[in-house]
Number of protein chains: 2
Amino acid sequence: MQKKEEMCCEALEIHEELLKIVDDTMPEETELYDLAELFKVFGDSTRIRILFVLFEAEVCVCDLAQVLNMTQSAISHQLKILRQNRLVKSRREGKSIFYSLADDHVRTIIAQGREHIRED
Amino acid sequence: MQKKEEMCCEALEIHEELLKIVDDTMPEETELYDLAELFKVFGDSTRIRILFVLFEAEVCVCDLAQVLNMTQSAISHQLKILRQNRLVKSRREGKSIFYSLADDHVRTIIAQGREHIRED
DNA sequence: TAAATATATGAATAAATGTTCATATATAAG
DNA sequence: CTTATATATGAACATTTATTCATATATTTA
């Protein structure tokens, strides 16, 4: 018999079953961490703005900075985060480095987010 | 003629065109802010874990706390954020309050995130 | 080789965020 | 009406994070 402190809502059976289901379906600790890490990247309006620009064209750092009216340094720092999470890729052309979207998950994720906030 | 400081990458024409496109397609400031706000909610592994539990069942606060091995207070604080962003809804039943997913965007967004991190 | 341009990055600072602790609210039971 | 149970919440603290500033790296041009 369980101790009182370990019980909850007086619903012991449901609790046991829930534990089993969660144990079966909950992703590994590292995957949960990586998922949260990925969504953190989308959780900043500067990075969102960068992504919206890259939806339209391949753009160099200095154009991004000008279009978004931010310093080159701030943009570079954010591009590093986007790069590390494989949301964008880069390509050198002379002195400039051009950035573009890495894949289409970015578009899907942002599209779903927009749908959600539009539905109130 | 533009001043030198305002130029960039010596590619003036492309820059002008980019400005126009971005001006046409970039969402309003408030939408960008709301989007970032929404993704911030997904950017915490505790909230992600809560959502994974709610993928499987409607669960009361105290069961969530036990299953995730966290304090009731911590869970309640996070549920408030999930509620405020309409990712979960709640229903009272006696002394307990049961939480469930608000809609299916949550599943889609998380599924896309998982796909992204799995593709390296 | 030296100067100019484009980008990256480390350190510092200010702001945002998650958890804990104490406590408030709400419902049910005695 | 008093006590117990379930949940919510404000304040405090520690951690994370975005921007700025100064500077480093890399490429092109003179």
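Chain letters run A, B, ... following the sequence lines, proteins first, then strands; residues in each count from 1.
- Between A:Ile75 atom CD1 and C:dA6 atom C1' there is a gap of 14 Å when expressed in whole angstrom units.
- Atom CG in B:Leu79 sits about 11 Å away from atom P in D:dT9, given to the nearest Å.
- One can place CZ of A:Phe98 at 12 Å from C1' of C:dT7, the figure rounded to the nearest angstrom.
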statement: Letter by letter from the 5' end, nucleotides 20-30 of chain C scores (B base, S sugar-phosphate only, - none; protein heavy atoms under 4.0 Å) BBB----BS--
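- B:Ile97 places its CD1 atom 8 Å from the C1' atom of D:dA8, with the value rounded to the nearest Å.
- Sorted by first and then second residue, the ring pair (Phe, Tyr, Trp, His ring centres under 6.0 Å) pairs involving residues 76-109 of chain B (not counting sequence neighbours) are A:His116-B:His105.
- At whole-Å resolution of the value, CG in B:Leu82 and P in D:dT7 are 16 Å apart.
- Summarising the geometry, the separation between CD1 on B:Ile81 and P on D:dG10 is reported as 13 Å, rounded to the nearest angstrom.
- With sequence neighbours excluded, the residues satisfying salt bridge (charged side-chain N to carboxylate O under 4.0 Å, His left out) with A:Glu37 are A:Lys40.
- Looking at heavy-atom distances under 4.0 Å, A:Tyr99 makes contact with sugar-phosphate atoms alone, never a base.
- Contacts of B:Gln112 classified as side-chain hydrogen bond (donor to acceptor under 3.5 Å, both in side chains), with partners at least two apart in sequence or in another chain: none.
- For the salt bridge (Lys or Arg N to Asp or Glu O under 4.0 Å) condition, the pairs that include at least one residue of residues 98-107 of chain A, sequence neighbours left out, are A:Asp104-A:Arg107.
- Under the rule for a side-chain hydrogen bond (donor to acceptor under 3.5 Å, both in side chains), A:Gln84 has no partner lying at least two apart in sequence or in another chain.
- Rounding to whole angstrom units, CD of residue B:Gln66 and C1' of D:dT5 are separated by 14 Å.
- A heavy atom closer than 4.0 Å to some atom of DNA chain D occurs in B:Cys60, these being the qualifying members of residues 29-60 of chain B.
- Per the geometry, CD belonging to A:Gln78 stands 13 Å off P belonging to C:dT9, to the nearest Å.
- Residue B:Ser96 is in sugar-phosphate contact alone, with no base atom involved, counting any heavy-atom pair closer than 4.0 Å across all strands shown.
- A:Leu87 pairs with exactly one of A:Ile81, A:Leu79, A:Leu82 by the side-chain contact (heavy atoms from CB on, under 4.5 Å) rule, that one being A:Leu82.
- Using modelled atom types, no side-chain atom of B:Arg47 and backbone atom of B:Phe42 make a donor-acceptor pair closer than 3.5 Å.
- For residues 44-64 of chain B, the ring pair (Phe, Tyr, Trp, His ring centres under 6.0 Å) pairs, not counting sequence neighbours, are B:Phe52-B:Phe55.
- The nucleotide whose nearest atom lies closest to any side-chain atom of A:Lys80 is, among C:dT7, C:dG10, D:dT7, C:dG10.
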Can you give each donor-acceptor pair under 3.5 Å made by side-chain atoms of residues 28-35 of chain B, sequence neighbours left out, with the distance rounded to 0.1 Å?
from	atom 1	to	atom 2	distance (Å)
B:Glu29	OE2	A:Arg49	NH1	3.1
B:Glu31	OE2	A:Arg114	NE	2.8
B:Glu31	OE2	A:Arg114	NH2	3.3

